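Structure first, then comments.
So you know, we letter chains A, B, ... as the sequences are listed, proteins then strands, and number each from 1. Since the model is a prediction, treat every value here as computed from it, not as a measurement.
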Amino acid sequence: MGHRVGVVLTPVPRQFYDRAVLDVARDLLGAVLESSQGGELVRIRLTEVEAYGGMADPASHAFRGPSPRNRTMFGPPGHAYVYFTYGMHFCMNLVTGAPGTAAAVLLRAGTVVDGVEVVARRRPGIRPRDFARGPARLTRALGVDLTADGADVCAAGGSLRVLPSVPVAEGAVRSGPRVGVTVATDVPWRFWVADDDSVSPYRAGGSRRRRGSTRV
DNA sequence: CCTTGGATGTACT
DNA sequence: GTACATCCAAGGG
């Protein structure tokens with residue numbers, strides 16, 4: 001399986017991202033994310049994504065307006081918004097819509113279709129099924145960190161690109177509430193491929209029950 | 001398979 | 001101080 005190395009592929013064009021975020025999210029399922037960080041090629045076929053609606057969406061990092069962290073989301077579509085969270089993880093989005101709208105699609109999971117040996121080296125002891133099963137695992141498989149924030153994924157010679165692929169059949173797309181969010185839990189803005197092992201397990205949001213309130 | 005708790009830095013109240 | 005678009009190890013079934 002996978003794509004032959006050496007074949008020149010044209011990235012998905014910028015206008016693909018200049019549409020309603022829900023449409024972009026759904027259409028990203030099946031697309032192939034390619035990274036050549038550190039001179040090593042990894043390609044991942046996306047199986048799970050989530051839409052974030054920008055300033056109108058209470059769950060979006062853009063809800064409270066622009067900041068140094070989220071500024072990429074307020075820029076043009078077709079760029080990577082990467083953020084650092086939980087003190088140790090990176091997550092990656094693709095910015096959609098016109099500048100100022102700040103909508104984006106979180107890339108939650110996928111299947112490694114090229115560079116399996118590279119990922120295996122980056123993730124010793126991890127089962128192949130889990131290589132990109134979750135947003136922070138996906139960035140780790142790709143070798144993506146904060147230096148990729150703002151990267152243009154439409155650039156022909158870019159080190160981080162999105163390649164077209166066979167779209168996932170309409171009947172194989174599932175949707176439901178987003179994972180780990182505590183607000184706007186009523187909107188089914190998570191999209192995934194039915195019956196795919198690489199899709200991450202659902203977890204409801206809400207801070208986990210607090211431990212004893214006293215310090216030390 | 002499930003559940004629980006720890007790790008760890010930054011943004012925000 | 002608390003939450004956070006998370007992951008991992010350890011323990012039980």
Side-chain angles (χ1 to χ4, degrees), chain A residues 21-22 24-26 28-29 33 44 46-74 79-97 101-110 112 119-120 122-150 174-192 195-216:
Chain A
V21 66
L22 293 181
V24 177
R26 183 251 167 270
L28 276 171
L29 291 177
L33 196 53
I44 292 178
L46 295 173
T47 58
E48 181 190 359
V49 299
E50 280 174 0
Y52 284 85
M55 298 197 66
D57 178 4
S60 170
H61 289 172
F63 184 58
R64 291 179 174 83
S67 71
R69 175 173 77 157
N70 67 24
R71 51 178 250 102
T72 299
M73 278 197 289
F74 287 86
H79 289 253
Y81 164 52
V82 180
Y83 67 91
F84 180 67
T85 190
Y86 288 104
M88 61 191 102
H89 297 306
F90 301 101
C91 295
M92 173 179 172
N93 298 248
L94 297 176
V95 177
T96 74
T101 57
V105 178
L106 172 69
L107 309 181
R108 284 199 58 90
V112 179
V119 180
R122 288 174 181 168
R123 307 290 281 128
I126 304 296
R127 302 212 314 281
R129 171 183 138 144
D130 293 328
F131 278 166
R133 193 181 192 222
R137 291 165 168 174
L138 182 143
T139 58
R140 245 183 120 173
L142 291 170
V144 159
D145 60 18
L146 236 37
T147 65
D149 182 41
R174 298 288 179 274
S175 67
R178 295 173 290 190
V179 173
V181 306
T182 58
V183 291
T185 52
D186 54 319
V187 291
W189 289 356
R190 174 185 183 227
F191 299 90
W192 69 93
D195 303 317
D196 191 298
D197 281 345
S198 69
V199 172
S200 71
Y202 175 77
R203 292 191 212 94
S207 42
R208 234 159 359 155
R209 205 181 64 87
R210 234 177 319 193
R211 317 190 295 307
S213 57
T214 56
R215 66 220 178 294
V216 181

| Side-chain touch A:N70/A:Y81, heavy atoms, less than 4.5 angstrom | yes

| message | Using only atom types and a distance under 3.5 Å, with no angle test, would you say the side chain of A:R123 pairs donor to acceptor with the backbone of A:V119? | response | no

| said: Taking B:dT3 as the reference, what is the distance to C:dA5 when you measure between their C1' atoms (whole Å, please)? | reply: 22 Å

| Is there side-chain contact between A:V181 and A:Y52, with at least one heavy-atom pair below 4.5 Å? | yes

| request: Answer whether the closest heavy-atom distance between the side chains of A:E50 and A:W192 falls below 4.5 Å. | output: no

| Does A:L28 reach the side chain of A:L94, with side-chain heavy atoms less than 4.5 Å apart? | yes

| message | Using a 3.5 Å distance criterion without hydrogens, assess whether the side chain of A:T139 forms a donor-acceptor pair with backbone atoms of A:A136. | response | yes

| query | To the nearest Å, how far apart are A:L106 CG and C:dC4 C1'? | reply | 13 Å

| note | Regarding the side chain of A:H89, the nearest nucleotide among C:dC4, C:dA5, C:dT6 is C:dT6

| message | Is A:R190 close enough to C:dA5 that one of its side-chain N or O atoms is under 4.0 Å from OP1 or OP2 there? | response | no

| remark: Parsed dot-bracket for DNA chain C after applying the Watson-Crick and G-U rules with both distances under 3.5 Å and | for other-strand partners is ||||.|||||||.

| field | Side-chain ion pair, A:R178 and A:D57, N-O less than 4.0 Å | value | yes

| Has A:R190 got more than 12 heavy atoms of other residues, nucleotides or ligands less than 6.0 Å from its CZ? | yes

| said: Stacking between C:dA5 and A:Y52, yes or no? Criterion: centroid separation under 5.5 angstrom, plane angle under 30 degrees. | reply: yes

| message | What is the separation between atom CZ on A:F191 and atom C1' on C:dA5, rounded to the nearest whole Å? | response | 15 Å

| said: Tell me if the side-chain of A:Y86 makes a donor-acceptor pair with the base of B:dA7, cut-off 3.5 Å, by modelled atom types. | reply: no

| message | Output the rounded distance in Å from CG (A:D149) to P (B:dT10). | response | 15 Å

| task | Look at the aromatic rings of A:Y83 and A:H61 and report parallel, tilted or perpendicular, splitting at 30° and 60°. | result | perpendicular

| said: Closest approach to the side chain of A:R64, judged atom by atom: which nucleotide of C:dA5, B:dT13, C:dC4 is it? | reply: B:dT13

| A:T85 vs B:dG9: side-chain N/O to OP1/OP2 distance below 4.0 Å | no

| field | A:H61 vs C:dA5: side-chain N/O to OP1/OP2 distance below 4.0 Å | value | yes

| Nearest-Å distance, CZ (A:R69) to P (B:dA11)? | 7 Å

| said: In this structure, how many angstroms lie between the P atom of C:dC4 and the CZ atom of A:F84, rounded? | reply: 17 Å

| request: Send over the distance from A:F63 CZ to B:dT13 P, rounded to a whole Å. | output: 11 Å

| query | A:R174 versus A:V199: any side-chain heavy-atom pair under 4.5 Å? | reply | no

| message | Rounded to whole Å, how long is the line connecting atom CD1 of A:I126 with atom C1' of C:dA9? | response | 11 Å

| message | Nearest to the side chain of A:R123, heavy atoms from C-beta on, is which of C:dC8, C:dA5, B:dT10? | response | C:dC8

| Among C:dA5, B:dC1, C:dC4, which is the nearest nucleotide to the side chain of A:T182? | C:dC4

| task | Output the residues of residues 130-145 of chain A in contact with DNA chain C, where contact means a heavy atom of the residue under 4.0 Å from an atom of the strand; sort by number or write none. | result | A:G134, A:P135, A:A136, A:R137

| Please give, in whole Å, the distance from B:dA11 C1' to A:M73 CE? | 13 Å

